[in-house]
Amino acid sequence: MKTVRTVAELHEALAELSEAFTDKSGSGRNRVPSVGMIPTMGALHEGHLSLVKTARSENDIVVMSVFVNPTQFNEAVDLVAYPRAEERDAGLAEQAGVDLLFIPSAAEMYPDGYATTVSVNGPLSETLEGARRGRGHFDGVATVVAKLLIMVLPDSAYFGQKDAQQVVVVRRMVRDLGIPTEIVTCPIVRAEDGLALSSRNERLTGEDRLRALSLSRSLFTVAAAVADGETDTGELETVGLRVLTESDVDVEYLAFVNPETLRPAEAVEGPVLCAVAARVGEVRLIDNVMLVSPGHDATGATGVS
Ligand code: AMP
């Protein structure tokens, strides 16, 4: 694995990898290698590594970026406290099969005089995380992801369902800007006790680690109620909030939305994204689950004909 820090080095390394590539399929002819990319903010865990695994299985060359993007942080303390572990990350990335690790500085990503922002307008950026963290959050995300994709021009880029709204925003941005990259969504990786893995979990201590479990527990309780036949999202919200308030976490939202438009869903008829955000002590956590009522398949069609 090679580590690079500038865009010039990145392009050089990509060209070298591409040149060195030989098709081992036995066709006898060479072809242009496929490139898969995983954008991250580092402090890698099994969630990130699951994206690498999928990217590795689908591509000839795998590129990972590690960049704690200042423009998407709405709280200075969160940016300062965000865990950084460059050496450990490089070891894990290499083990997982990353070919090229791109770790740019803030000055490399936003050079002097930088003046361009990519905004995905409307409800996709303004609800849920956008409403809580301010519209600058998804401007920051869309801008940095657009820049990274343009720098690498991967065939596919891999994102986690953990940040469900981020994937919706990125898909819209890629379509709108005509960036020729397929966006692949990978399932949420959880700890054995259900907590969704997150770099921010490192900051949870003792009691807070236990209280944090109420996020996934509330989502699983809601999903169980749906499996039992409840479809009314008002009722489901009551069920989920009960679990959260019992654990004394500071709930920011428990929302039921259409997974594509992110508009509020009144009933679970077809897929509904149930998303939660809460503060546990100093740490802000998010999680989600896709709800499908037993009478409907994942496309929203009824199973009864
Ligand atoms: P981050 O470093 O938090 O920006 O995350 C980088 C990528 O990893 C994003 O696409 C996240 O959605 C994804 N990711 C983070 N945590 C998980 C998880 N527990 N399961 C699956 N993907 C995740």
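Counting starts at 1 for both ligands and their atoms, following the listed order. Below, all heavy atoms of this structure are taken into account, side chains as well, without hydrogens, waters or symmetry copies.
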- Message: Per the side-chain hydrogen bond (donor to acceptor under 3.5 Å, both in side chains) rule, what does the pair list look like for residues 219-248, sequence neighbours excluded?
- Response: Arg217-Ser247
- Any heavy atom of Ile38 under 4.0 Å from ligand 1? The part involved is neither
- Query: Between Arg200 and Glu75, does at least one N-O distance fall below 4.0 Å, as a salt bridge requires?
  - Reply: no
- Are Glu252 and Arg284 close enough for a salt bridge, meaning some N to O gap below 4.0 Å? yes
Starting from [atom], what is the nearest protein heavy atom, named by residue and atom, and what distance separates them?
| atom | result |
| --- | --- |
| atom 20 (N) of ligand 1 | Val189 N, 2.8 Å |
| atom 1 (P) of ligand 1 | His48 NE2, 3.6 Å |
| atom 22 (N) of ligand 1 | Gly160 CA, 3.5 Å |
| atom 23 (C) of ligand 1 | Lys162 CB, 4.0 Å |
| atom 11 (C) of ligand 1 | Asp163 OD2, 3.1 Å |
| atom 21 (C) of ligand 1 | Pro187 O, 3.4 Å |
| atom 3 (O) of ligand 1 | Tyr82 OH, 3.7 Å |
| atom 15 (C) of ligand 1 | His45 CE1, 3.9 Å |

- Note on the structure: In terms of heavy-atom contacts, Val292 and Val226 come closest through O-CG1, 3.7 Å
- If you take all heavy atoms of Asn288 and Lys162, which pair is closest and at what distance? ND2-O, 3.2 Å
- Task: For Ile188, counting its heavy atoms only, list the atoms of ligand 1 lying under 4.0 Å from any of them.
- Result: 20 (N), 21 (C)
- Message: Is there a polar contact between ligand 1 and Leu197, counting only N or O atoms under 3.5 Å apart?
- Response: yes
- Going by distance only, is there an N or O of Phe159 that falls short of 3.5 Å from an N or O of ligand 1? no
- Query: Could you go step by step and tell me if Leu101 and Glu86 meet the side chain to side chain contact (heavy atoms under 4.5 Å, CB included) rule?
  - Reply: CA-CA 11 Å; Leu101 184 60; Glu86 196 180 302; over 6 Å; no
- Answer yes or no for Pro39: is there a heavy-atom contact with ligand 1 below 4.0 Å? yes
- Check: Asn69/Tyr110 side-chain N/O donor and acceptor closer than 3.5 Å: yes
- Item | salt bridge (Lys or Arg N to Asp or Glu O under 4.0 Å) partners of Asp208, counting only residues at least two apart | Arg211
- Task: Could you check Leu14, Leu148, Ile38 and say which one makes a side-chain contact (heavy atoms from CB on, under 4.5 Å) with Val63?
- Result: Leu14
